[in-house]
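To find a chain, count down the sequence lines: A is the first, B the second, and so on, and within it residues start at 1.
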Protein chains: 2
Amino acid sequence: MELSDRKKKILAAVVEEYIRTAEPVGSKAIAQSGCLHCSSATIRNELAELAALGFLEQPHTSAGRIPTPLGYRMYVNELMQKQKLSLEETEEINRRLSQKLQELDDTLSGVGRLASQLTDYPALAVTAQSAVTVRRFDLIYVDANTFIIVLTLSSSTARSKLVRLPVSVDQELVQRLSSLFNASFTGITEEVVTPELLHDTERAADDRLGLTAVISSFLLSELREANTPTAFITGENRLLSQPEFRDPDKAHRLMSYLAGGGHILPPGESMGAGSDEVRVLIGPENVAEELKDSSVVIASYDAGDHTRGLIGVVGPTRMDYSAVAAKLSFLAAGLSRRLGGGEAPPEGMHNKLIIKGDNGNGRE
Amino acid sequence: MELSDRKKKILAAVVEEYIRTAEPVGSKAIAQSGCLHCSSATIRNELAELAALGFLEQPHTSAGRIPTPLGYRMYVNELMQKQKLSLEETEEINRRLSQKLQELDDTLSGVGRLASQLTDYPALAVTAQSAVTVRRFDLIYVDANTFIIVLTLSSSTARSKLVRLPVSVDQELVQRLSSLFNASFTGITEEVVTPELLHDTERAADDRLGLTAVISSFLLSELREANTPTAFITGENRLLSQPEFRDPDKAHRLMSYLAGGGHILPPGESMGAGSDEVRVLIGPENVAEELKDSSVVIASYDAGDHTRGLIGVVGPTRMDYSAVAAKLSFLAAGLSRRLGGGEAPPEGMHNKLIIKGDNGNGRE
DNA sequence: ATTAGCACTCGGAAGTCGAGAGTGCCAGCA
DNA sequence: TGCTGGCACTCTCGACTTCCGAGTGCTAAT
């Protein structure tokens with residue numbers, strides 16, 4: 001079923017006006033807005049039909065119309081004109097992206113924060129890695145009581161930990177453990193690390209100090225962490241400036257859900273390859289009960305080494321889809337460019353190339 | 001000026017009742033609560049006097065009394081009986097603390113999250129490190145295009161980064177750079193790293209690939225990060241369940257302030273040595289305008305190597321000071337025990353001893 | 001010094017009312 | 001046939017009023 005041209009225009013007008021004002025939109029307002037050349041009565045008839053078709057609804061008789069989720073969907077799919085970011089905006093984003101990646105190096109949470117600032121909605125950032133393995137294993141001997149574990153993961157991330165011991169070790173032991181772990185634990189996924197393997201290693205190391213336990217516990221936890229999709233939420237407070245969340249209970253419910261690491265993505269969906277595609281989930285399209293009257297916009301980016309990351313924002317269904325989609329898409333593209341693959345550096349700067357796991361502290 | 005014994009009891013009763021119910025407390029309620037053996041009229045007289053002394057106030061004539069900040073202060077200083085945590089509670093905290101430190105190893109944000117969960121208030125965690133220097137510098141050659149930088153900081157933290165290059169390097173160059181940086185950059189604070197020093201190093205390295213720039217930029221940013229007090233806020237959403245933040249604007253103001261990295265501590269105060277002392281800042285005692293009608297409870301802990309960390313919660317002035325103080329104090333003590341100094345392991349487990357900088361991702 | 005009693009105050013809930021925005025529908029017009 | 005102006009109707013929202021009750025302050029009695 002295809003809508004008439006005028007209906008489309010009217011629907012778009014309603015959606016945009018409602019996004020702007022958060023108030024039900026009346027026929028008169030549309031008529032006056034000018035782009036349509038007909039009277040309010042005509043608009044009223046059209047509105048009634050659009051309502052009958054399920055694109056609009058009235059909070060009560062004799063109030064203006066507001067879009068239904070279906071209406072938003074139609075808007076997002078067909079009516080919305082892709083917003084182009086202004087030159088200043090793109091430059092601003094690029095600048096801050098470079099800064100974020102360069103200075104703090106906390107990709108995940110930092111980028112989430114950036115997305116939240118740009119869109120003025122709460123943002124979430126997720127890594128969706130899988131089957132990360134240890135690629136390389138190093139122990140650095142510091143002094144008799146101290147050594148450093150350096151783990152190089154297949155996701156091109158280095159993780160390190162300084163270990164201080166209550167007992168003395170000699171350089172030779174550290175060396176031996178290092179090659180032992182390199183031999184046994186590289187290239188295998190988390191599931192393969194069985195207690196038996198650990199036990200064997202411990203015996204092979206002839207380790208009377210319990211060092212293997214320390215090392216393998218670090219190894220395991222890092223492996224587990226790298227394989228677990230972790231999500232950051234930032235800018236929850238921005239929810240409160242949305243009129244639909246003036247009800248503290250409602251806001252609280254959603255924020256708690258988000259803070260609890262709510263699962264956003266539809267199950268099974270893992271954001272296929274479609275590089276910088278932006279997905280929009282409107283109201284009831286969300287799986288989580290808590291999100292049924294909110295919307296989520298998600299973009300995916302190439303984090304390098306066959307890993308894709310997710311970045312998105314959460315807001316009321318009355319969301320500025322056009323602007324948000326544009327910004328997220330640009331952000332994701334920028335991230336892909338900076339993180340993705342081992343290709344040529346984007347701007348000739350070496351340190352733009354650096355790939356590293358995040359350590360998400362710091363503030364904005 | 002000393003209050004009569006009965007006044008103290010009445011004041012304590014008002015504070016505790018108000019903390020419990022968030023409603024103004026009337027004379028009758030106190031009389032009925034039993035512990036005092038006198039009539040409501042007597043209580044009324046006493047209440048009037050307490051109000052005259054500035055410990056209580058009435059929202060309006062003919063409503064019950066609520067404590068003023070001064071009243072809370074009196075309660076915290078003299079009346080509040082130090083709450084002992086139950087055995088279950090201490091065990092619960094210990095268990096989760098171990099788990100946090102062991103598995104995720106994200107001390108800062110993880111502990112903040114724990115504090116927030118325990119107290120049901122938003123929590124903040126701050127490191128207040130100073131004059132961190134690089135203690136040791138390692139480069140690990142991985143392959144022709146890849147090497148790892150490992151920085152050992154004086155705060156007994158190892159930081160690492162995997163660098164991938166668009167050009168080839170040989171093992172010898174990496175080796176040379178490593179010893180060069182070890183010679184020039186260890187033991188010095190951030191301020192001493194001048195552009196000249198960097199330039200000299202670059203020249204000395206005979207580096208035509210720009211590697212020194214990559215390395216020194218990482219070095220600088222890590223040094224800067226380690227020396228900058230960073231704060232995490234977690235559990236902001238819990239603010240919304242407090243009746244005093246039912247007004248979304250008020251909640252929004254405070255949450256934005258917190259999210260913006262609001263400075264909590266009174267200026268000049270850097271939490272002296274007093275190990276596990278808990279500080280309470282009530283309403284107007286806070287320096288920040290945004291906190292003037294909220295309260296903050298902070299505990300400090302020994303993070304090892306002459307570094308102290310801070311952990312605290314934020315809430316309405318009507319805060320359960322007793323419980324919060326007890327929990328934070330216990331938490332701080334536990335942290336000190338686990339992180340502090342290089343002393344004997346708390347429970348004979350090696351991996352409890354491990355000291356490492358946080359990488360604050362993960363969820364609860 | 002404490003208590004019982006009483007008049008008084010004031011905020012908040014519930015109820016009332018009018019204004020205004022917006023609709024649906026009808027009749028006239030191109 | 002489709003558009004438009006007009007008109008009666010509906011329903012929400014804010015302002016205003018009323019009323020109830022909790023809690024006080026004061027006074028007189030114990």
Side-chain angles (χ1 to χ4, degrees), chain A residues 2-11 13-18 20-68 71 243-244 246-248, chain B residues 3-11 13-18 20-68 71 243-244 246-247:
Chain A
E2 187 61 24
L3 293 181
S4 77
D5 208 49
R6 189 169 67 187
K7 278 205 180 55
K8 282 185 182 175
K9 273 195 188 140
I10 292 177
L11 179 53
V14 172
V15 171
E16 277 159 17
E17 183 69 6
Y18 184 63
R20 211 170 53 79
T21 63
E23 305 265 303
V25 183
S27 56
K28 211 188 243 172
I30 299 179
Q32 282 173 351
S33 79
C35 17
L36 276 300
H37 299 289
C38 51
S39 78
S40 69
T42 314
I43 310 266
R44 271 205 293 283
N45 286 329
E46 297 282 45
L47 286 178
E49 286 181 52
L50 282 168
L53 291 170
F55 294 114
L56 297 176
E57 65 184 347
Q58 297 176 279
H60 52 264
T61 341
S62 127
R65 304 301 211 288
I66 65 177
T68 62
E244 22 272 287
R246 290 206 68 78
D247 174 13
Chain B
L3 293 180
S4 77
D5 209 49
R6 192 169 64 188
K7 278 204 180 56
K8 284 184 181 174
K9 272 192 186 143
I10 291 176
L11 179 53
V14 171
V15 172
E16 277 159 17
E17 184 69 7
Y18 184 64
R20 210 170 54 80
T21 62
E23 305 265 306
V25 184
S27 55
K28 211 188 244 171
I30 299 180
Q32 280 173 353
S33 80
C35 17
L36 276 300
H37 299 289
C38 50
S39 77
S40 70
T42 314
I43 310 264
R44 271 205 293 282
N45 288 328
E46 297 281 46
L47 286 179
E49 287 180 53
L50 283 168
L53 290 169
F55 294 113
L56 297 175
E57 66 184 346
Q58 297 176 277
H60 52 266
T61 341
S62 133
R65 303 302 210 290
I66 64 176
T68 61
E244 21 274 286
R246 290 204 69 76
D247 174 13

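- The nearest whole Å value for the distance from the CD atom in B/E49 to the P atom in C/dT2 is 10 Å.
- One N or O on the side chain of B/T68 and one on the backbone of B/F55 form a donor-acceptor pair closer than 3.5 Å.
- Following rounding to the nearest Å, B/I30 (CD1) and C/dT2 (P) show an atom-to-atom distance of 15 Å.
- Considering only heavy atoms from C-beta on, A/V14 stays 4.5 Å or farther from A/L50 through its side chain.
- The CD1 atom of B/I30 sits 9.0 Å away from the CZ atom of B/R65 when rounded to the nearest 0.5 Å.
- Using a 4.0 Å cutoff on non-hydrogen atoms, the parts of residues 39-47 of chain B near DNA chain C are B/S39, B/A41, B/T42, B/R44, B/N45, ordered by number.
- Atom CD1 of B/I66 and atom C1' of D/dT24 are 16 Å apart (whole Å).
- The A/S27 side chain lies nearest to C/dT23 when the options are C/dT23, D/dC11, D/dG23.
- At whole-Å resolution of the value, NE2 in A/H60 and P in C/dT23 are 10 Å apart.
- Shown here for B/A31 and B/S39, the closest heavy-atom pair between the two residues is CB-C, 4.2 Å.
- In this structure, the nucleotide among D/dC3, D/dT4, C/dG22 sitting nearest to the side chain of A/S62 is C/dG22.
- Under a cut-off of 6.0 angstrom, the local environment of NZ in A/K9 is sparse, with at most 12 non-hydrogen atoms contributed by other residues, nucleotides or ligands.
- Taking a pair as Watson-Crick or G-U wobble with both distances under 3.5 Å, the runs of three or more consecutive pairs in DNA chain D are C:1-30 with D:1-30.
- Summarising the geometry, the separation between NZ on B/K7 and P on C/dA1 is reported as 11 Å, rounded to the nearest angstrom.
- Put simply, the residue from A/I10, A/L47, A/I66 that forms a side-chain contact (heavy atoms from CB on, under 4.5 Å) with A/L56 is A/L47.
- Counting to the nearest Å, the C1' atom of C/dG22 and the CG atom of A/L50 are 17 Å from each other.
- Atom pair B/Q58:CD and D/dT24:P shows a separation of 7 Å (rounding to whole Å applied).
- Between A/R65 and C/dG22 there is no side-chain polar atom (N or O) within less than 4.0 angstrom of OP1 or OP2.
- Here the P atom of nucleotide C/dG22 and the CG atom of A/L56 are 15 Å apart, to the nearest Å.
- A donor-acceptor pair under 3.5 Å is absent between the side-chain atoms of B/T42 and the main chain of B/C38, judged by distance alone.
- Salt bridge B/K7/B/E49: present, at least one basic N to carboxylate O contact under 4.0 Å.
- Under a 3.5 Å cut-off, the side chain of B/S40 and the backbone N or O of B/S27 do not form any donor-acceptor pair.
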